[in-house]
Amino acid sequence: MHPQPISWAAGHSIRLLDQTLLPLDVHYLVLEQVDQVAEAILHLRVRGAPLIGIAAAMGATLAARGSPTDPLAAVLRACDLLEATRPTAVNLPWAMTRMRRRARHAARLGESLHAALLAEASAIWDEDREMCRRIGEAGLPLIPEGGTVLTHCNAGVLATGGIGTALAPIYLAHAAGRKVKVVADETRPLLQGARLTAWELCQSGVPTTVIADSMAASRLRMGDISCVIVGADRIAANGDVANKIGTYGLALAARAHGVPFYVAAPRSTFDFRTADGPGIPIEERRPEEIRRVGGATIVAEGSGVWNPAFDVTPADLITGYITDLGLLGRGELERLREPAVPAPA
Ligand code: MRU
């Protein structure tokens with residue numbers, strides 16, 4: 001049984017696994033207000049590109065509960081607030097555009113806004129679960145018997161509405177009885193690899209080894225890594241990929257050692273309106289995330305800190321894209337051209 005990072009709770013509120021407390025504490029929050037959901041996304045209590053799209057969609061439904069004076073205006077305000085929480089993952093504006101469009105449509109027809117939004121948020125979640133399954137099937141042939149996959153950050157159950165993107169082929173290989181091992185970068189500064197990827201893989205019995213990010217190149221040189229698979233927060237029209245900071249360096253090291261480097265992502269992560277990587281907005285987070293570890297200050301006083309949450313890996317370093325339409329080369333991405341951010345209604 002995989003952990004469940006999000007679900008509906010009684011009265012159509014949201015039950016959310018607080019990922020900031022993992023792996024020490026498995027604690028669920030019940031969120032009843034839109035600004036609680038915005039806070040949870042901002043502080044990475046819920047994170048991962050597909051899952052923040054789903055969480056925001058579920059969050060937008062909260063604005064239509066009860067009897068607000070102007071329900072449509074309340075929902076549109078909620079969508080704006082939720083969309084502004086994190087700039088890089090395109091799944092967030094993609095989901096909010098769907099919710100706005102569904103709200104306007106329901107209002108025009110005089111339907112219950114709350115019921116319409118619940119249906120749309122649930123559809124976004126269901127579609128993501130299905131896309132994860134397809135990504136798993138598309139990536140399965142890349143995992144050899146006895147193989148070892150290196151991954152970065154967390155692109156698993158804790159980042160999606162299903163079995164993950166980068167981790168989906170690994171889960172399917174493991175379930176099929178194939179012996180597969182994972183090496184997980186710890187992923188400084190917020191340690192999504194050490195805290196989250198290792199936790200969810202160990203829950204499922206997948207043999208996992210955590211390494212510090214600085215060890216990845218040496219590990220790739222050892223020759224025991226079958227392939228690298230990572231997730232993505234936004235993929236531009238030319239195939240450049242924004243993902244967790246450190247992905248670019250990993251791709252360079254994989255290229256230097258002749259190890260295939262795959263990016264796994266659902267259709268909702270492709271942004272054909274952004275031509276290339278330099279056009280992708282990169283979130284910069286608080287310096288405290290670098291300055292402090294476990295409550296202790298580790299950076300010398302007086303020193304500055306730079307803390308971009310993501311980087312861009314150029315398309316020419318990427319061996320292939322594991323998508324819900326199958327394993328695609330850079331020249332085949334056009335097949336996914338369903339706008340990641342649909343045109344506003
Ligand atoms: O800052 P985070 O933890 O939200 O970053 C997550 C990642 O970078 C993931 O690799 C990406 O969102 C893909 S999740 C399927």
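Both ligands and their constituent atoms are indexed starting at 1 by order of listing.
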Could you tell me which atoms of ligand 1, counted from 1 in the order shown, lie closer than 4.0 angstrom to a heavy atom of [X]?
| X | answer |
| --- | --- |
| Asp233 | 7 (C), 8 (O), 9 (C), 11 (C), 12 (O) |
| Thr165 | 15 (C) |
| Pro50 | 14 (S), 15 (C) |
| Ala159 | 14 (S), 15 (C) |
| Arg86 | 1 (O), 2 (P), 4 (O) |
| Ala155 | 14 (S), 15 (C) |
| Cys153 | 5 (O), 6 (C), 7 (C), 8 (O) |
| Ala232 | 11 (C), 12 (O), 13 (C) |

Side-chain donor-acceptor contact under 3.5 Å, [X] with [Y]:
| X | Y | result |
| --- | --- | --- |
| Arg47 | Asn154 | yes |
| Asp18 | Thr20 | yes |
| Tyr28 | Gln4 | no |

Can you confirm if the NZ or CZ of Arg129 lies within 45° of the ring axis of Trp125 and under 6.0 Å from the centre of its six-membered ring? yes
Is it the side chain (CB and beyond), the backbone, both or neither of [X] that lies under 4.0 Å from ligand 1, heavy atoms counted?
| X | result |
| --- | --- |
| His152 | neither |
| Gln192 | side chain |
| Thr160 | side chain |

So is Val230 close enough to ligand 1, meaning a heavy atom under 4.0 angstrom away? no
Has Tyr248 got more than 12 heavy atoms of other residues, nucleotides or ligands less than 6.0 Å from its OH? no
Which residue and atom name correspond to the protein heavy atom nearest [atom], and how close is it?
| atom | answer |
| --- | --- |
| atom 10 (O) of ligand 1 | Asn243 OD1, 2.6 Å |
| atom 12 (O) of ligand 1 | Ala49 N, 2.8 Å |
| atom 5 (O) of ligand 1 | Lys244 CE, 3.3 Å |

Only one of Ile235, Thr323, Ile322 passes side chain to side chain contact (heavy atoms under 4.5 Å, CB included) with Val263, and that residue is Ile235
Testing Val183, Val228, Thr197, Asp213 one by one against His152 for a side chain to side chain contact (heavy atoms under 4.5 Å, CB included), which residue passes? Asp213
Going by an N to O cut-off under 4.0 Å, is there a salt bridge joining Asp233 and Lys244? no
Given the rule in the side chain to side chain contact (heavy atoms under 4.5 Å, CB included) test, do Met222 and Arg219 qualify, once you have shown the distances and angles that lead to the verdict? CA-CA 5 Å; Met222 274 172 58; Arg219 187 65 194 233; 3.7 Å; yes
Is Gly156 close to ligand 1, meaning an N/O of one under 3.5 Å from an N/O of the other? no
So, applying salt bridge (Lys or Arg N to Asp or Glu O under 4.0 Å) with Glu83, which one of Arg98, Arg77, Arg100 is it? Arg100
